[in-house]
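In this text the structure is predicted, and so the values were computed from the model without any measurement. Index from 1, following the sequence.
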Amino acid sequence: NREIVWSHSFALGSQRLKQMFPKANPPGEGTERQQAIKDLRSKVKTKLKGLSKQLDGKAFPHVVGTAGTIKAVGRILNLREARMNGSDDYIRELTVSPESMEFTFSELRQLSAELEISTRAALSFLEGLEAKRRDLILPGTLLLEEICSVLRSKSLQTSPCSLRDGIVLSQVESLNL
């Protein structure tokens with residue numbers, strides 16, 4: 001039907017969460033870091049309560065994302081899977097020009113758990129993670145995990161298009177050319 005049923009912009013994002021909870025990222029350590037991660041999750045859950053109420057029990061089994069975090073997660077997980085399968089051509093293609101990538105919610109949760117205990121040094125060796133995303137990957141992954149929990153999503157997919165692409169397309173369609 002192409003009708004927007006509900007819309008809301010949340011004041012959440014990887015960068016904002018990184019600024020709000022700096023001790024959740026390396027070099028934070030031990031119980032201080034674990035508490036910051038717990039507080040970050042709690043903040044996200046609180047912000048998403050309105051969405052949960054609006055969904056009224058509905059599930060969205062498949063999520064498509066366009067932002068940097070979901071693309072970084074997709075790249076990390078798809079490169080990991082390609083390495084396990086010995087798919088060198090796919091590894092080269094994914095490293096140069098990532099297209100649409102798919103992964104499961106359980107793979108996302110596993111990566112989140114790994115990131116929660118990773119050091120800054122370990123992040124620098126995480127294949128597929130760009131240096132500029134090292135400080136954003138944990139808050140972004142936790143945010144993505146919480147969103148998927150609320151939506152009850154089982155799988156995720158990245159889009160090679162961006163929000164900007166959709167806005168431009170919408171404007172062109174409104175011109176009736």
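Expressed to the nearest 0.5 Å, how far CZ of Arg75 lies from CG of Asn78 amounts to 10.0 Å. Atoms CG and NZ, on Leu12 and Lys47 in that order, are 6.0 Å from each other to the nearest 0.5 Å. For the atom pair Glu146 CD and Thr141 OG1, the distance stands at 12.0 Å (nearest 0.5 Å). Here the straight-line distance linking atom OG of Ser52 with atom NZ of Lys58 works out to 11.5 Å at 0.5 Å rounding.
Residues satisfying the side-chain hydrogen bond (donor to acceptor under 3.5 Å, both in side chains) test with Ser106, not counting sequence neighbours, are Thr104. Applying the salt bridge (charged side-chain N to carboxylate O under 4.0 Å, His left out) test to Glu102 and every residue at least two apart in sequence or in another chain returns nothing. Checked against side chain to side chain contact (heavy atoms under 4.5 Å, CB included), Ile117 has no partners two or more places apart in sequence or in another chain. Arg80 is linked by a side-chain hydrogen bond (donor to acceptor under 3.5 Å, both in side chains) to Glu114, counting only residues two or more places apart in sequence or in another chain. Ala122 pairs by the side chain to side chain contact (heavy atoms under 4.5 Å, CB included) definition with Ser118, Thr119, not counting sequence neighbours. For the salt bridge (charged side-chain N to carboxylate O under 4.0 Å, His left out) test, no residue two or more places apart in sequence or in another chain qualifies with Glu107. In this structure, the salt bridge (charged side-chain N to carboxylate O under 4.0 Å, His left out) partners of Arg109, at least two apart in sequence or on a different chain, are Glu145. Shown here are the side-chain hydrogen bond (donor to acceptor under 3.5 Å, both in side chains) partners of Gln35, two or more places apart in sequence or in another chain: Asp39. Applying the side chain to side chain contact (heavy atoms under 4.5 Å, CB included) rule to Arg16 yields the partners Ala11, Met20; only residues at least two apart in sequence or on another chain are considered.
Between the side chain of Thr158 and the main chain of Met101, a donor-acceptor pair closer than 3.5 Å is present. Checked by atom type and distance alone, the side chain of Arg33 pairs as donor or acceptor with a backbone atom of Ala24 at under 3.5 Å.
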Name each donor-acceptor pair under 3.5 Å that joins a side chain in residues 130-140 to protein atoms two or more places apart or in another chain, with its distance.
{"from": "Asp135", "atom 1": "OD1", "to": "Arg120", "atom 2": "NH1", "distance (Å)": "3.0"}
{"from": "Asp135", "atom 1": "OD1", "to": "Arg120", "atom 2": "NH2", "distance (Å)": "3.1"}

- Task: Before giving the answer on side chain to side chain contact (heavy atoms under 4.5 Å, CB included), spell out for Ile147 and Val63 the whole-Å C-alpha distance, their side-chain angles and the decisive distance to 0.1 Å.
- Result: CA-CA 10 Å; Ile147 290 170; Val63 168; 5.7 Å; no
- Task: Take Leu142 and Ile37, measure what side chain to side chain contact (heavy atoms under 4.5 Å, CB included) needs, and give me the verdict at the end.
- Result: CA-CA 9 Å; Leu142 296 176; Ile37 289 170; 3.9 Å; yes
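For the pair Leu156/Leu144, a side-chain contact is recorded, criterion being any heavy-atom separation below 4.5 Å from C-beta on. Side-chain contact between Phe105 and Cys148: present, with at least one pair of heavy atoms (C-beta onward) separated by less than 4.5 Å. Side chains of Leu143 and Leu40 form no contact here, defined as non-hydrogen atoms less than 4.5 Å apart. At a threshold of 4.5 Å between non-hydrogen side-chain atoms, the residues Pro61 and Ser153 do not count as touching.
A continuous path of ILVMFWY side-chain contacts below 4.5 Å connects Leu51 to Phe60, so both sit in one hydrophobic cluster.
Pairs engaging residues 62-71 under the side chain to side chain donor-acceptor pair (under 3.5 Å) rule: Ser14-Thr69, His62-Ser155, His62-Gln157 [sequence neighbours left out]. Pairs engaging residues 148-162 under the salt bridge (charged side-chain N to carboxylate O under 4.0 Å, His left out) rule: none recorded [sequence neighbours left out].
Minimum interatomic distance between Gly128 and Ile76 (heavy atoms only, all atoms of both residues): C-CG1, 4.0 Å.
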